[in-house]
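On a predicted model such as this, the values are computed, not experimentally measured, just so you know. Order of the sequence lines fixes the chain letters, A, B, ..., with proteins taken first and strands second; residue numbering starts at 1 for each chain.
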There are 2 protein chains.
Amino acid sequence: MTIAPVLSKPREMKKTAQILRGAMEEFLARGYAAASMDRVAAAAGVSKATVYSHFADKEALFTTLVETMARERFQSVRAMLDETMEPRLAIRQLLTIAMEDCCNNEEFHNFKRVLVGESGRFPELAKTFVEHLSKPGVEAIAEYFRSNPAFNFPDPEAMARIMIGSVVNFAMLQKMMHGDAIMPMEQARIIDTLEYLLFDCAPKSP
Amino acid sequence: MTIAPVLSKPREMKKTAQILRGAMEEFLARGYAAASMDRVAAAAGVSKATVYSHFADKEALFTTLVETMARERFQSVRAMLDETMEPRLAIRQLLTIAMEDCCNNEEFHNFKRVLVGESGRFPELAKTFVEHLSKPGVEAIAEYFRSNPAFNFPDPEAMARIMIGSVVNFAMLQKMMHGDAIMPMEQARIIDTLEYLLFDCAPKSP
DNA sequence: GTCTATATCGTGATAGAC
DNA sequence: GTCTATCACGATATAGAC
C-alpha cells in the first residue's frame with residue numbers, strides 16, 4: 001500500500017524524511033538503475049522493509065525524491081531581479097548569482113546528471129524540473145525585459161533564454177562534463193560578454 | 001584478455017562492428033547500468049561469450065562504444081563556416097545547421113543523455129566528447145570572429161560559447177527535457193535573436 | 001572463435017515475528 | 001510500523017565442447 005507523506009505524528013515525518021535523505025545519497029551518487037534499495041536503507045538507517053512500507057517501490061521512491069528536490073530548488077528562484085536597482089547592475093547581479101549557483105554545487109550537478117540521464121525513461125520528472133525551475137526563471141527575466149523601458153528587444157523571451165542558456169550550458173560544459181580540464185575559461189568572461197551584448201551593443205535610439 | 005579492434009581479417013572487423021551496433025542499441029536505450037550484456041549479444045546477433053571475447057567487460061565495451069560514436073560525430077564538425085559567404089548569411093547558416101543537428105536527432109539525444117548521466121562515473125568519456133566536439137566547435141567560431149574584420153568583439157571565444165551554448169541548451173531544454181510540452185518556442189526565434197545581437201546591435205563605429 | 005551451459009552473486013520485493 | 005530472514009530472478013562473467 002502506498003503511503004503518501006501524510007503527516008499524523010511528527011515521528012513519521014522524520015522517518016520519511018530520513019529515507020528520502022538516504023535515497024538522495026544513493027540515487028545522486030549512482031544514478032537510478034545502479035542505485036540499490038539495500039544501500040538506500042543503510043544510508044537512511046532503517047531496514048529495507050521500512051523503506052517499502054513508506055514507498056511502493058523503487059520507482060515511486062525515486063519519483064518522490066526528485067519532486068521533493070525540485071520543490072526545494074524552486075524556492076530559491078524567488079525574487080531574482082531587483083526592480084529598484086539600475087538595470088545594468090541588476091542584470092550583472094542576476095547573472096553572477098545564476099552562474100555561481102550553476103557552477104559551484106556538486107549536489108546540484110549530480111541531480112541534473114540523474115535527471116538528464118533518465119529524462120528518456122522518466123519524462124514526467126524532466127517536465128517537473130522544467131516547469132518549476134526553467135520556466136519561472138525564463139519568464140521572470142523576460143518580464144523584466146518587457147516591463148523595463150531601458151530595454152527594447154524585439155523578442156524578450158528569446159533573449160532571456162539566450163542569457164540563461166549561455167550560463168547553464170557553460171556550467172554543464174565546464175563543471176559537469178569536465179570541460180575545465182580541456183578548454184578552461186573564467187566564468188566572468190561569459191558574464192562580461194553577455195553584459196556587453198545587452199548594454200554596450202544595444203541600439204541606442206539615434 | 002582484452003582484444004583491441006585489431007583488423008586481421010575483414011570477417012573480424014564485421015563482428016566487432018556488429019557487437020558495437022548491438023551495444024549502441026542497448027546502451028542508448030537503457031543507459032549504462034540498466035543495459036544487459038544478454039540483450040547486447042541478442043541485438044548484435046551473437047552469443048554473450050563472443051561479446052566477451054571481443055571486449056574485456058561491460059565497461060570496456062561501453063568505453064569503446066562512446067569513443068567510436070564521438071569519433072564519428074567528430075567528422076561532421078568539418079567546415080561549418082563558409083569563409084567566402086557574407087558574414088550574416090554564414091552565421092545564419094551555421095546556427096540553422098547546428099540547431100537542426102541538436103534538435104532533430106533522437107539517437108544523438110540518447111547519446112548525450114547517457115554521456116551526461118555517466119559523466120560523474122566516467123569522466124574520461126565526457127572529456128573525450130568535449131575534446132572532439134565542443135572544443136573544435138567553439139574554436140572554429142571564435143577564429144571566424146577573430147579573422148573576419150566585420151566583427152570586433154572584445155572576447156571572441158566567450159561570444160562563440162554564448163552562441164553555441166544558447167543553441168545547445170535550447171535543444172536540451174526543449175527536446176531532451178521535453179520542454180516543448182511546457183514552454184514551447186520555435187527554434188527560429190533563438191536564431192533570429194542571436195542574429196539581432198550579433199549584427200543589428202553591434203557597435204557601429206560612430 | 002563461437003557456441004551452450006553454468007557458476008556466483010546482488011537485486012527488488014515480501015512474509016511473518018513482534 | 002519496524003525488524004530479520006528469505007524468495008525468485010536476472011545480472012556479469014566464464015568453462016568447456018566443437
Centroid separation under 6.0 Å, is that true for the rings of A:F74 and A:F129? no
If only side-chain N and O atoms count, and only distance matters, is there a donor-acceptor pair under 3.5 Å linking A:S53 with A:T50?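 No pair is found: no donor N or O on one side chain lies under 3.5 Å from an acceptor on the other.
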Testing the 3.5 Å rule here: is there a donor-acceptor pair between the side chains of A:R161 and B:S166? no
All side-chain contact (heavy atoms from CB on, under 4.5 Å) counterparts of A:E118, not counting sequence neighbours: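 Per chain and number, A:E118 pairs via side-chain contact (heavy atoms from CB on, under 4.5 Å) with A:Y32, A:F62, A:V114, A:R121, A:F122.
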Atom-pair distance (NE2 on B:H54; C1' on C:dC3), nearest Å: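 These atoms are roughly 12 Å apart.
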Expressed as a whole number of angstroms, how long is the span from B:F55:CZ to D:dT12:P? 15 Å
Taking only residues two or more places apart in sequence, or in another chain, which ones meet B:R92 in a salt bridge (Lys or Arg N to Asp or Glu O under 4.0 Å)?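 B:D192, B:E195.
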Reading nucleotides 4-18 of chain C 5' to 3', which nucleotides get B (base under 4.0 Å from a protein heavy atom), which S (sugar-phosphate only), which -? B------SBBBB---
According to salt bridge (charged side-chain N to carboxylate O under 4.0 Å, His left out), does anything in residues 28-37 of chain A pair up with another residue at least two apart or in another chain? List the pairs.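 The answer is A:E26-A:R30.
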List, one per line, each side-chain donor-acceptor pair under 3.5 Å for residues 178-187 of chain A, sequence neighbours excluded.
unit_1 : atom_1 : unit_2 : atom_2 : d
A:H178 : ND1    : A:M176 : O      : 3.4
A:D180 : OD1    : A:Q174 : NE2    : 2.9
A:D180 : OD2    : A:K175 : NZ     : 2.9

Dot-bracket for DNA chain C, please, read 5' to 3', with Watson-Crick or G-U wobble pairs under 3.5 Å on both distances, ( ) within the strand, [ ] crossing, | other strand, . unpaired. ||||||||||||||||||
Between A:I19 and A:V51, which heavy-atom pair has the shortest distance, and what is it? CD1-CA, 4.0 Å
Is A:T50 close enough to D:dC3 that one of its side-chain N or O atoms is under 4.0 Å from OP1 or OP2 there?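 A:T50 to D:dC3 OP1/OP2: side-chain N or O found under 4.0 Å.
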